[in-house]
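Since the structure comes first, as structure tokens, the remarks are kept for the end.
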Amino acid sequence: MEQLIQKLKEEIIDALNLSEMNPEQIDDKAPLFIDGLGLDSIDALELTVLLEKKYGLRISTAEEGKKVLYSVRSMAEFITANGKA
Amino acid sequence: MEAFIDGISAISPQKTLDGSVFLQELQEYKGVHALKCIEPPYSDFLDPMASRRMSRIVKMGACAAMKCLKEASLENPGAIITGTGLGCIEDTEKFLTSLYTNEEKLLNPTPFIQSTHNTVAAAIALMLKCNSYNNTYVHRGFSFESALLDGLMLLHEGTAERVLVGGLDELTNHSFAITNRLGFWKRQPIDSLRLLEYKSKGSLAGEGVAFFALNREKSEKTIAMIRSIDTIFNPGTPAETERRLSVFVEKAAGGMGKLDLIVLGMNGDPEMDEVYRHLVNTLFGLVPCAYFKHLCGEYDTASSFALYLAAAILKEQKVPEAIRLDKRSIGQIKNILVYNHVRNSNHSMFVVSAC
């Protein structure tokens, strides 16, 4: 899990052009949106594309999206639960 | 229609972002086919979190606009108007490439959102939280002219007191390759400041961003004034251009004799430069002439660089030797005619005066 979280952080930094950040600055459990990392709705779309492109996983509903994209850890748990880790 | 220029800013292949250095230290590029902009450290002007999604042209545009507004002490303009020939072509290419390689699936939203031509004007408005008139003109070689004309009309009609007008175009590898196949650029690499010495077909590709803060009234920030602007589409012959230009100068400045300098858009392609040479030998008489495309290259909105150059010359009262076409003596510079054309189709002219 920890290895996956580290990899996800690097992929998020790359996908969202967070070039001023490094993986250590991202808290696994902190919310990605509004508070925490301060991401917005376009970032949510970018993360959805990332999950599908890199892990072959689709988020089917807005409710599921809110849960999965809550934090880096929740994304990693979603990937692991679907056997794509 | 007149307007006062309170602020200017440009990002170009020259050191234009620091206006005091630009005319003193012209940059020469050796063995090149194209000129690319000297980009500033964007973090000095833009919030990294806000600019992280911006492509190069959006960053350059936003950065130049912020600097222009700061120079004019203008916080919230009554209108933001831009002109661009190709818009945000880098993100358009990214989006189309992704569309093709991913078979129209899994498309990243950012390049799609930012591939529209009005992204720069919109980004500036978002940064300023400016809800005023916001428009972008995409009319090839008349893009900047249309934006400027719109800005002048808003001021003239009293719809806005102060407006921000800009011209912008970026050069990408793809756009260069395509226009190169069309024969737009010289085949052999050249030294930029010697552009007019090469007699081969084609020009030097370029790019740039220039912004102007315009005011209805003269202010303590005013550095120059735009007296008039006109355009001619496909004039047909150099003689027809001469006739139209003569009428324009008579109306805008009171005749050729009132001009202290003419800035021409010669681009080094003998076919394209024919009309300029005709005018130098006929209409322009003894008025000192200069040119500018060896500084910024050729692109659809290069006339915005020329307007920036004219305003900078009026402000600094300095004409570098490297842009002069002749050795005629130049005294105090009060009136400058800028005359440019793109591909011999879009001809434009401005008269800019000192205040």
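No experiment lies behind these values; they were computed from the predicted model shown. All chains are named by letter (A, B, ...) in the order of the sequence lines, taking the proteins before the strands, and each is independently numbered beginning at 1.
Annotation: A/Glu24, atom CD; neighbour count of heavy atoms from other residues, nucleotides and ligands within 6.0 Å is above 12. Residue B/Asn173 qualifies as open at atom CG: its count of foreign heavy atoms under 6.0 Å is 12 or below. More than 12 non-hydrogen atoms from other residues, nucleotides or ligands lie less than 6.0 angstrom from CG of B/Leu182. At most 12 heavy atoms of other shown residues, nucleotides or ligands fall within 6.0 angstrom of atom CG in B/Asn131. The environment of B/Phe112 atom CZ is sparse: at most 12 non-hydrogen atoms of other residues, nucleotides or ligands sit within 6.0 angstrom.
Considering OG of B/Ser51 and CD of A/Glu20, their distance stands at 7.5 Å, rounded to 0.5 Å. If you take CG on B/Asn102 and CD on A/Glu52, they are separated by 10.5 Å, rounding to the nearest 0.5 Å. Here the CG-NZ distance, from B/Leu106 to A/Lys54, works out to 12.0 Å after rounding to the nearest 0.5 Å.
Taking non-hydrogen atoms and a 4.5 Å limit, the residue list of residues 38-46 of chain A in contact with chain B, ordered by number, reads A/Gly38, A/Leu39, A/Asp40, A/Ile42, A/Asp43, A/Leu45, A/Glu46. Of all residues spanning residues 60-76 of chain A, none has a heavy atom less than 4.5 Å away from chain B's heavy atoms.
Contacts between B/Leu107 and chain A at a heavy-atom distance below 4.5 Å involve the backbone alone (N, CA, C, O). Using a 4.5 Å cut-off between heavy atoms, A/Leu37 contacts chain B through its backbone alone, with no side-chain atom that close.
Side-chain contact between B/Arg53 and A/Leu16 is absent, with no heavy-atom pair separated by less than 4.5 Å.
Between the side chain of A/Asn17 and the backbone N or O of B/Arg52, at least one donor-acceptor pair lies under 3.5 Å.
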